[in-house]
Amino acid sequence: MPGRGTAGQPVAELDDRYSSALQARPGAADVTATEWAEAERQLAAAEIFWLSTVRPDGRLHVTPVIAAWHEGVLYFSTGSEEQKARNLAHDGHCALTTGRNALGEGLDLVIEGEAEPVADPAVLEQAIAAYEAKYREHITSPEGTFHGIGDAARAGDVVVFAVSPNTAYGFGRDDGVYSHTRWVF
């Protein structure tokens, strides 16, 4: 297992077993690990994430959420009585995934970490600001699907969770050339 990266950057490694580097295809010999900066761009731009949590009885629970990437942390929110919140209260380990639903292009990302409720009011305001900057009218307009989420978070009506990645994976596809990158933090 590689060591931690420097200056807050994760160590990236290409897993040849699941990359095109071992397959005779045009461009396959040049496959390299995806840079973390590219993964961060994708995390910042992605609109929908799939959150995977574990129920107290061990069964999985997967649900779509909106999330904002801000300063190395992925933030999402949920009602305190929703299944995902109850699962995270029991076990904070989770995964958030996002990507493209296409076989020939894109970068799918998996972020593994431990979800922690945001308790610090200053951090909560940063998370809300990141949400509003990213989702704009979906959150800020009275007609928006998630309008009022900031006020609900401030009032404690929803829980905002922060996930700092422990490990992340990137599955790249570029016209038949595939890469599998693992980042360790």
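Atoms considered below: every heavy atom in the structure, side chains included; atoms not considered: hydrogens, waters and symmetry mates.
Ser179 has its side chain out of reach of Thr32: every pair of non-hydrogen atoms, C-beta onward, lies at least 4.5 Å apart.
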Inset, instruction - Would you please test Arg154 and Glu125 for side-chain contact (heavy atoms from CB on, under 4.5 Å) and show each step? - result: CA-CA 8 Å; Arg154 287 180 193 99; Glu125 287 303 321; 2.7 Å; yes
Inset, instruction - Determine, step by step, whether Tyr135 and Glu47 satisfy the side-chain contact (heavy atoms from CB on, under 4.5 Å) criterion, reporting the C-alpha distance in whole Å, the side-chain angles of both residues, the deciding distance to 0.1 Å, and the verdict. - result: CA-CA 8 Å; Tyr135 293 101; Glu47 294 182 347; 4.3 Å; yes
Inset, instruction - Check the pair Glu132, Ile149 against side-chain contact (heavy atoms from CB on, under 4.5 Å), reporting the backbone distance first and the verdict last. - result: CA-CA 9 Å; Glu132 289 175 347; Ile149 198 167; over 6 Å; no
Inset, instruction - Dump the intermediate steps for side-chain contact (heavy atoms from CB on, under 4.5 Å) on Asp174 and Val31, then the final yes or no. - result: CA-CA 10 Å; Asp174 183 15; Val31 171; over 6 Å; no
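Arg173 places no side-chain N or O within 3.5 Å of a backbone atom of Gly104 that could act as its donor or acceptor partner. Under the 3.5 Å distance criterion, the side-chain polar atoms of Asp108 are matched with a main-chain donor or acceptor of Arg100.
Residues Arg55 and His61 come closest through the heavy atom pair NH2-CD2, 3.3 Å. Closest of all the heavy-atom pairs between Ala39 and Trp183 is CB-CH2, 3.8 Å. Taking all atoms of both residues into account, the shortest heavy-atom contact from Ile128 to Gly150 is CD1-O, 3.5 Å. Counting all heavy atoms, side chain and backbone alike, Trp36 lies closest to Ile111 at CH2-CD1, 4.2 Å. Among all heavy-atom pairs drawn from Ile48 and Thr98, the shortest one is O-OG1, 2.8 Å. Minimum heavy-atom separation, Glu13 to Ala33: C-CB, 4.1 Å.
Few gaps surround CD on Glu137; more than 12 heavy atoms of other groups in view lie less than 6.0 Å from it. In this structure, Glu38 places its CD atom where more than 12 heavy-atom neighbours from other residues, nucleotides or ligands lie under 6.0 Å away.
Classification of the Tyr169-Phe171 ring pair by plane angle, with boundaries at 30° and 60°, yields parallel. Between Phe161 and Phe76, the ring planes lie parallel to each other; the angle is under 30°, not in the 30° to 60° tilted range.
Between Asp57 and Arg59 a salt bridge is recorded (basic side-chain N to carboxylate O distance below 4.0 Å).
The cluster map of Ile, Leu, Val, Met, Phe, Trp and Tyr, joined by side-chain heavy atoms under 4.5 Å apart, puts Val54 and Leu88 in different clusters.
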